Amino acid sequence: MHKKIITLTIACFLLGLVLISQIRLEDSIKDNTVNSNEVLVNLVNNLESEIAMRETYLSTIRQQIDEVSASISNDETELGEMQKHLTELRTIAGYTPLEGIGITVTLDDMPSTAVNQTNDASLSIIHYQDLLYIVNDLKRGEAEAISINDQRIIATSEIRCVGNTILVNTTRLAPPYVIKAIGNPAALQNALQSSSTYERLKFGGFPVSHELTTTYSNNLIQIPAYVGNYSTSYIKSEDEE
Amino acid sequence: MWIIPVLGLICGALLGSIISLQIPITYAKYLSIAVLASMDSVLGGSRSAIEGRFSSLVLLSGLVCNALAAAVLAYLGDRLGVDLYTAAIIVFGIRIFTNLSAIRHLLMAKYIKSYPQPSETAKNNMVKDILR
């Protein structure tokens, strides 16, 4: 009889051992998943705040350069001429904040109430292609300066998608997407209304709208300067040879 | 008498939480099925002890072999693309519930006078020995 109790005890002992081991193993698996997510989220947040910090620093330095340049340009006539030319080029290239008349286009994802659960969710959100095509259509309408959610579009700006977010100038955007373009308002409106992308979104039930700014009175369209890096490594001017 | 196996269970749990068995995460799935097999064996052992047809050899061999066989089968199923893991869970699940309800019936038969006696085996002396 004692032998039987002892056997049962041994069996129970083994059960307790594997039971606790398994519970601890499962817990450690859950912890690992949660931890690695947190680490990644922190990494992204830290890097983004670092980028923001450096961009602020960069804009301060650029401001100082502008001040110095302005003081030089008053001194000598030849240098002043070059300075004026430089300012013009910088304005065209997108390194100065601008304002003017033009168009403001607002695109947003469908409200979640309007989305049928059985439908493909990707049909109810704005994709990077939509932004890309509309920006292109505005360029067709001779837009002189364009920004998306205050990211200035310059010659090297990209509009791309990583996972489920849209990046412009390597900065994450969130809906609603506000595209501002400075140019002839009528031409921009024509270009937008003949845009097949805009038409598709509008008749597809997306909350899209546009607003014209036609007079230089007040509430001009404000387009910020490009704040990112513009160092080059490979390009070479032919004149320099 | 029944307190000793419970103490054994607690001791095993304590030992398991003090020393950490280094098991690769890949094998977590197979360990979980081994745990189910062990639970089944222990419950089956308790039941047979109450019924009076307890055998040490059957219990220990069943515990080790069932746990190993379940883990090996689950692994084999993964390699073959057949979900034998689910089959093992269902079989052990059914057996665990069957054993639990059998134990419940046996205990009720022992302690509740008006409850009908389930079988002759339950009247064996082992019942008194184990439950005392």
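Computed from a prediction, not measured in an experiment: that's the story for all the values here. Throughout, protein chains are lettered first and strands after them, A, B, ... in sequence-line order, and every chain is numbered starting at 1.
- Residue contact with chain A, scored on non-hydrogen atoms closer than 4.5 Å, involves the backbone and the side chain of B:S56 alike.
- Considering only heavy-atom pairs separated by less than 4.5 Å from chain A, the leading option among B:L9, B:V35, B:I19 is B:L9.
- Using a 4.5 Å cut-off between heavy atoms, A:I10 touches chain B through its side chain atoms alone.
- The heavy-atom pair separating B:S38 from A:L15 by the smallest distance is CB-CD1, 3.5 Å.
- Crowding of B:R79 atom CZ: a count of heavy atoms from other residues, nucleotides or ligands under 6.0 Å not exceeding 12.
- In A:R160, the CZ atom is crowded: over 12 heavy atoms of neighbouring residues, nucleotides or ligands sit closer than 6.0 Å.
- With a 4.5 angstrom heavy-atom cutoff, B:L15 touches chain A via backbone and side-chain atoms both.
- Atom OH of A:Y95 has more than 12 heavy atoms from other residues, nucleotides or ligands within 6.0 Å.
- With a 4.5 Å cut-off on side-chain heavy atoms, B:F54 and A:L8 count as touching.
- Considering every non-hydrogen atom in both B:P5 and A:C12, the closest pair reads O-CB, 3.3 Å.
- For a residue to count as touching a neighbouring chain, one of its non-hydrogen atoms must lie under 4.5 Å from one of that chain's; by this rule B:A34 does not touch chain A.
- In plain terms, the two heavy atoms of B:G8 and A:T9 that are nearest each other are CA-CG2, 3.8 Å.
- The CD1 atom of A:I23 sits 9.5 Å away from the OG atom of B:S17 when rounded to the nearest 0.5 Å.
- No other option in B:I10, B:L59, B:L36 has as many heavy-atom pairs under 4.5 Å with chain A as B:L59.
- When heavy atoms are compared at a cutoff of 4.5 Å, B:L63 approaches chain A solely by way of its side chain, counted from C-beta outward.
- Only the side chain of A:L25 comes within less than 4.5 Å of a heavy atom in chain B; its backbone stays farther off.
- Looking at every heavy atom in both residues, B:S32 comes nearest to A:Q22 through CB-NE2, 3.1 Å.
- With a 4.5 angstrom heavy-atom cutoff, A:I20 touches chain B only via side-chain atoms.
- Under a cut-off of 6.0 angstrom, the local environment of CZ in A:R200 is crowded, with over 12 non-hydrogen atoms contributed by other residues, nucleotides or ligands.
- The two residues A:R24 and B:I18 make their nearest non-hydrogen contact at NH1-N, 4.4 Å.
- Between A:F13 and B:L7 there is no side-chain heavy-atom pair separated by less than 4.5 Å.
- For the atom pair B:I4 CD1 and A:I6 CD1, the distance stands at 8.0 Å (nearest 0.5 Å).
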